Trainee: 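Questions regarding the structure given below will be posed in turn.
In the text below, chain A, chain B and the rest are named by the order of the sequence lines, each starting its count at 1. Values below: all heavy atoms of this structure, side chains included; hydrogens, waters and symmetry mates excluded. Computed from a prediction, not measured in an experiment: that's the story for all the values here.
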Amino acid sequence: MADLIDSNPYLLLMLQHFNIDFRVSDHTVLQLCNRYDVSEQLFISIANLYNGSGSREEQPFTRKDLLQVIDFLKNSHNYYRFDKYPQISSYIRQLQENHPEKELKLLEKFFNEYFMEVREHLDYEDEVAFPYFITLLGDGKTGNDGEAYSSKEYSEHHTDIELKLKDLKNLLLKYVKIEGDPDLRRKLFMSLYELEFDLYIHSLIEEAILIPSGVDIEREQNG
Amino acid sequence: MDKSTLHIAILEYSKIIYEGIQAILYQSDTDCRIYKLETLDGLTGLLESNPVDVLIANSIHFVNREKEVKKIKKSYPSLSVAGIEFGMMHKPSMLTDITFTLYDSPEHIVHLLSKLDKKNHSQPNEKEGEENLTKREVEVLTGLVSGMLNKEIADALNISIHTVVRHRKNIAVKTGIRSQSGLTIYAISKRIISIEDI
């Protein structure tokens with residue numbers, strides 16, 4: 001596992017989302033998975049996404065795997081909520097304090113509004129979507145009467161929070177003039193790119209693993 | 001398909017002239033593929049199925065059909081038009097990018113065509129890095145960031161809603177900014193609106 005991290009340090013993020021400690025010693029992937037009770041197949045599927053070689057073929061994941069996927073996604077929500085976004089927010093704040101131009105005030109406002117939307121989206125997933133999946137995976141009865149919530153609805157609600165992030169990046173790369181401050185601006189960029197990458201993987205996991213599996217279980221139940 | 005191959009359509013009734021141009025091109029170093037066209041309508045069909053870089057045409061085909069030619073040029077911006085002039089004297093035409101006469105040397109004709117080729121290769125690169133908005137797009141953007149609805153913008157500019165939507169799409173593609181609040185910051189950075197306007 002240490003070799004894998006050497007070749008792609010972003011896998012550290014994945015370990016953290018899986019609640020696996022970074023001190024992986026000389027464990028192989030299989031040993032590590034056994035130790036943390038994570039399915040090896042799931043671990044490899046997600047690691048492949050981080051390595052940019054996600055296979056589109058559908059893997060039959062067990063219910064236990066899928067519950068772990070939900071834990072994984074919840075952990076990544078916490079990473080966005082309590083680590084990455086606040087970090088970006090503090091960089092932008094600092095930038096705004098160093099450069100009193102009004103444009104930067106607007107940029108900060110833009111980011112704050114965006115952050116609020118992101119939090120709403122994360123809350124929605126934590127409070128509505130994930131509990132639905134957990135119930136679906138548990139006893140199978142979702143307790144829906146009539147107007148059923150479904151994986152399909154989830155996939156439709158699944159808004160694109162990556163879009164405004166791209167806007168922010170483009171504004172900083174192409175348009176908003178800021179003199180000097182290269183260290184701070186570089187740190188901001190690196191954070192934005194890190195966030196963008198993890199968000200991208202996050203939505204891949206939802207789209208390639210969680211939603212198709214949910215749809216399958218629903219079909220089983222209804223058919 | 002090899003990108004360096006020049007796709008040339010020749011629109012010319014005269015077999016002598018068509019084959020003459022074809023021979024000049026084939027005998028030069030130009031890596032090209034040549035299509036023969038009998039009518040202007042044939043060009044539209046050809047463009048739909050093949051990438052055509054250069055149209056070499058007897059200008060007589062354009063008489064009274066200027067509008068159609070302009071429309072084709074607009075739909076296929078990478079298409080260059082070379083006009084064949086029959087006399088020693090020729091009047092410059094808005095429809096052609098270059099012209100040559102039947103009395104020009106083969107070298108001169110090949111040279112002119114190769115210049116067009118270069119122009120086509122540099123064009124996409126220039127465009128990629130360029131987010132310059134057209135006057136209309138700036139007008140739509142101004143309306144947009146001051147909070148106007150599509151319909152209000154359409155009414156104010158006397159264009160259809162459909163056209164407003166198309167402009168908005170182009171603005172997003174050119175600037176790389178999709179959200180309205182992001183576009184507001186863009187417009188201020190570019191001094192399209194001032195901060196007091198919002």
Side-chain angles (χ1 to χ4, degrees), chain A residues 85 88-89 91-121 158-181 185 188-189 191-193 195-197 199-200 203, chain B residues 77 122-150 152-153 161-198:
Chain A
Y85 278 100
I88 293 170
S89 174
Y91 288 151
I92 292 184
R93 176 112 275 255
Q94 234 175 302
L95 208 57
Q96 201 263 111
E97 280 167 7
N98 297 354
H99 305 265
E101 291 93 337
K102 284 181 178 165
E103 263 168 274
L104 282 164
K105 270 215 172 68
L106 275 183
L107 198 77
E108 192 185 15
K109 189 169 159 255
F110 175 83
F111 178 79
N112 289 342
E113 282 169 8
Y114 165 58
F115 189 17
M116 213 157 72
E117 279 170 36
V118 171
R119 266 187 302 219
E120 270 169 30
H121 176 74
H158 182 184
T159 49
D160 190 2
I161 56 177
E162 291 155 69
L163 191 136
K164 278 198 175 168
L165 183 60
K166 281 211 169 67
D167 279 6
L168 183 62
K169 230 179 49 191
N170 277 334
L171 284 170
L172 287 166
L173 274 177
K174 296 185 181 174
Y175 307 120
V176 177
K177 241 193 197 149
I178 305 169
E179 302 285 344
D181 237 342
R185 285 160 66 199
L188 172 58
F189 274 124
S191 284
L192 290 173
Y193 281 107
L195 173 65
E196 186 180 41
F197 180 71
L199 278 176
Y200 169 68
S203 59
Chain B
S122 59
Q123 225 172 20
N125 294 338
E126 278 166 24
K127 275 199 172 151
E128 249 169 52
E130 173 188 61
E131 33 67 51
N132 283 339
L133 302 180
T134 63
K135 202 169 153 250
R136 238 316 121 81
E137 283 161 357
V138 169
E139 288 167 347
V140 171
L141 176 67
T142 310
L144 192 65
V145 298
S146 49
M148 285 164 84
L149 301 170
N150 283 353
E152 292 168 332
I153 298 175
I161 293 189
H162 178 75
T163 310
V164 175
V165 172
R166 207 187 64 226
H167 284 309
R168 287 186 63 162
K169 269 190 197 150
N170 287 342
I171 293 168
V173 170
K174 283 187 181 176
T175 60
I177 311 287
R178 297 189 173 264
S179 64
Q180 181 165 345
S181 39
L183 282 171
T184 306
I185 299 175
Y186 167 83
I188 290 169
S189 298
K190 286 276 168 181
R191 310 271 178 269
I192 291 170
I193 56 166
S194 86
I195 217 149
E196 283 72 32
D197 294 342
I198 52 162

Trainee: How about A:Glu179: does its CD atom have over 12 heavy atoms from other parts shown lying under 6.0 Å from it?
Mentor: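 No, CD of A:Glu179 has 12 or fewer neighbouring heavy atoms, counting only those of other groups under 6.0 Å.
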Trainee: Identify the two heavy atoms, one from A:Tyr175 and one from B:Lys174, that lie closest to each other, and give their separation to 0.1 Å.
Mentor: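 Of all heavy-atom pairs spanning A:Tyr175 and B:Lys174, the closest is OH-O, 4.1 Å.
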Trainee: With rounding to the nearest 0.5 angstrom, report the CG to CD1 distance, A:Leu106 to B:Ile185.
Mentor: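 It is 5.5 Å, given to the nearest 0.5 Å.
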Trainee: With rounding to the nearest 0.5 Å, note down the distance linking OG1 in B:Thr175 to CG in A:Asp167.
Mentor: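 Going from the OG1 atom of B:Thr175 to the CG atom of A:Asp167 covers 7.5 Å.
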Trainee: In Å and rounded to the nearest 0.5 Å, what is the NZ to CD1 distance from A:Lys169 to B:Ile177?
Mentor: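 Rounded to the nearest 0.5 Å, the NZ-CD1 separation comes to 10.5 Å.
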Trainee: In terms of heavy-atom pairs under 4.5 Å, which option from A:Lys177, A:Lys102, A:Glu113 contacts chain B the most?
Mentor: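 Answer, by heavy-atom pair count under 4.5 Å with chain B: A:Lys102.
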Trainee: Does CZ in A:Phe189 sit with more than 12 non-hydrogen atoms of other residues, nucleotides or ligands closer than 6.0 Å?
Mentor: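 Yes, CZ of A:Phe189 has more than 12 neighbouring heavy atoms, counting only those of other groups under 6.0 Å.
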Trainee: Find the distance between NZ (A:Lys109) and OG (B:Ser181) and round it off to the nearest 0.5 Å.
Mentor: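 So the NZ of A:Lys109 and the OG of B:Ser181 are separated by 8.0 Å.
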Trainee: A:Phe110 versus B:Ser179: any side-chain heavy-atom pair under 4.5 Å?
Mentor: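 A side-chain contact exists here, since the closest heavy-atom pair is under 4.5 Å.
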